[in-house]
Each structure stands twice: as structure tokens, then as C-alpha cells.
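Inspection log for the structure reproduced underneath, given as C-alpha cells.
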Amino acid sequence: MAKKPASIPDFHLSKTQKIYFASDFHLGAPDEESSSLRERKIVRWLDHVAENASAIFLVGDIFDFWFEYKHTIPKGFVRFQGKLAELRDRNIPIYFFTGNHDLWMFDYFPKELGIPVFHQSLSLNINQRRVLVGHGDGLAKGGHTYKFLKKLFTNRFCQWLFSWLHPNIGIGIANYWSNKSRLGCDDDESKGMDEPLLQYCKRVENSTHHDLYIFGHRHLPLSLKVTDDSTYFSLGEWINHFSYLEIDEKKASLKTFDN
């Protein structure tokens, strides 16, 4: 099991520095060919943002499925992982937040790539702005079946039992489940006050102020006001939208990568 990662330091951006957030790459889905094309585009995006990145946040469902056996990880995604290793060798901080499709990440990324893995939402400071970031799954009201299954899937004993399945069997089962789960993603067109994660942000804001709330999971690129001085950003996904969030010295902006 992965050790608890160190907390994320405060960021103090200059005029030329930026921080980037992206989520829901779903590498591996829906098939090898389209995933490979998308992986190459993601690598181009990483090259693009690395020019002025003070940090890169990967906010869950980066892989459509991921489970780390003691001596085995899912095959593929070598260009993506190689690019991450290169950026870390250039001392660009990268932070990984697990989502509902890749929640079984343990110590491979921290040990092999120097990338800490976070399994819960986390507050941090960027130029004296308080930011709450996480994948977003299980935060909205309702979804009791999923919340129960997540507790089951994150139970260490259940993970240990699963690890005894041969990878061909375990990964096969998990890929089937992942494909079934993806069909139920929250990718509807709710963009107003009923947006479920917006309602979660409002509940948090009632007790603890954050200038920015940044979540993935919803597969929609959204920018919605929580209060007059607080904004919720939904990062979108990389199957149709290719969207990401850019934070500079003064503002946060949703952008689309079309290269």
C-alpha cells in the first residue's frame, strides 16, 4: 500500500508561471486504437503545458482501469508514463488524484515516477487563493449504491483478495466492470443550479471558504458561480472535449487543446 503522500506546498506564481489541471483521459477506452491516438494527443498537451508549468494536476480517471498487483501493472500507456517521467526529471511537480476508474493506485507512481497519489479531495493555496481539488466522485447527494461499492473497493482486505486473482482474470473482470460503469457516467447536460457538484460546493462553502473548486468526473467543462467570490470548475474529459483548466497569476480559465 502507498504511504500517505506529503501535503502539497503553497504556490506563488509569477507572471510567466501557470498551473494546469486535467482529468478523465480514460486511457484504455473504448478500444486500443482510439486510446492510443488520445494518448499521443495527451503527450502533445503535456509538452505544450510544460513550457511554463509550475505544476500539473491529474485529477482522476486518467486510466479507464488501473490495478497494481505486487509485481504487475496494466500493460500499455508507455508514452504517457514516459512523458510523465521526463517532466519529473525536469523537476516539474505532478500530482495525481484517483478517480472511480483508477482508485486502485498504490505506490507505483510515487516510487517509479516521483508522483504523489491522493485518494481524497485536498485544499491548497495558489497565490493566496484557497482551492479545493479532487475527482468529485461520491461527493454529490444520493448515489448510495456507488458509495457502498466504493467503500468495498477501497477496503484493504477486499483489495488483498482481488490481488490473488491472476492478472488476466482480475484485469478482465475489472475492464468489463469499467466499461459498464462508464456508460453510467454523469455526462448529462445539467449546467445550472441543479448541477450536483455545484450543490456540494455550496455546502462546503457554508462552512469553509474556497475561492476555487476544481473537480473532474462530470465529463462537462463548466464554470459556475458558487457565491460572488467563489467558482466551481468542472474539468470536462478527453474523449470529446479535450478540456483543461489553466491558472495563472490572476485568473483561472477553462481551455481546449486542439493540436
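For clarity, every value in this text was computed on a predicted model and none was experimentally measured. We're numbering straight along the sequence, starting at 1.
- Using a 4.5 Å heavy-atom cutoff, the side chains of F106 and Y108 are not in contact.
- Each of F233, F118, F21 was evaluated against F57; a single residue qualifies, F21, per the ring-ring contact (aromatic ring centres under 6.0 Å, His included) test.
- Nearest heavy atoms, L13 versus S54: CD2-OG, 3.6 Å.
- Within the 4.5 Å cutoff, side-chain heavy atoms of R129 are placed close to those of I247.
- The one candidate from W238, F242, F80 that meets the ring-ring contact (aromatic ring centres under 6.0 Å, His included) condition with W45 is W238.
- Note on E205 versus K202: no salt bridge recorded, every NZ/NE/NH1/NH2 to OD/OE distance being 4.0 Å or above.
- In the hydrophobic clustering of ILVMFWY residues, with side-chain heavy atoms under 4.5 Å counting as a link, L113 and F63 come out together.
- The only option from L197, L222, V133 that meets the side chain to side chain contact (heavy atoms under 4.5 Å, CB included) definition with F215 turns out to be L197.
- V78 approaches E39 most closely through the heavy-atom pair N-OE2, 3.5 Å.
- The aromatic rings of W66 and F109 sit perpendicular, their planes meeting at an angle over 60°, well past the 30° parallel limit.
- Side-chain polar atoms of S123 and H210 form a donor-acceptor pair below 3.5 angstrom.
- Looking at H26, H101, H135 one by one, the single match for ring-ring contact (aromatic ring centres under 6.0 Å, His included) with H219 turns out to be H26.
- Note that the CD atom of E237 and the CG atom of D61 stand 11.0 Å from one another [nearest 0.5 Å].
- Residues R218 and E195 meet the side-chain proximity criterion, which asks for heavy atoms closer than 4.5 Å.
- One finds no salt bridge joining K225 and D228 here, because no Lys/Arg side-chain nitrogen approaches an Asp/Glu carboxylate oxygen to under 4.0 Å.
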message = For a ring-ring contact (aromatic ring centres under 6.0 Å, His included) check, start with the C-alpha distance between Y232 and Y213, then their side-chain angles and the critical distance, and finish with the verdict.
response = CA-CA 5 Å; Y232 156 59; Y213 293 85; 7.8 Å; no

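- Between L84 and L46 there is a side-chain heavy-atom pair separated by less than 4.5 Å.
- Between D229 and T227 the shortest heavy-atom distance is OD1-OG1, 2.8 Å.
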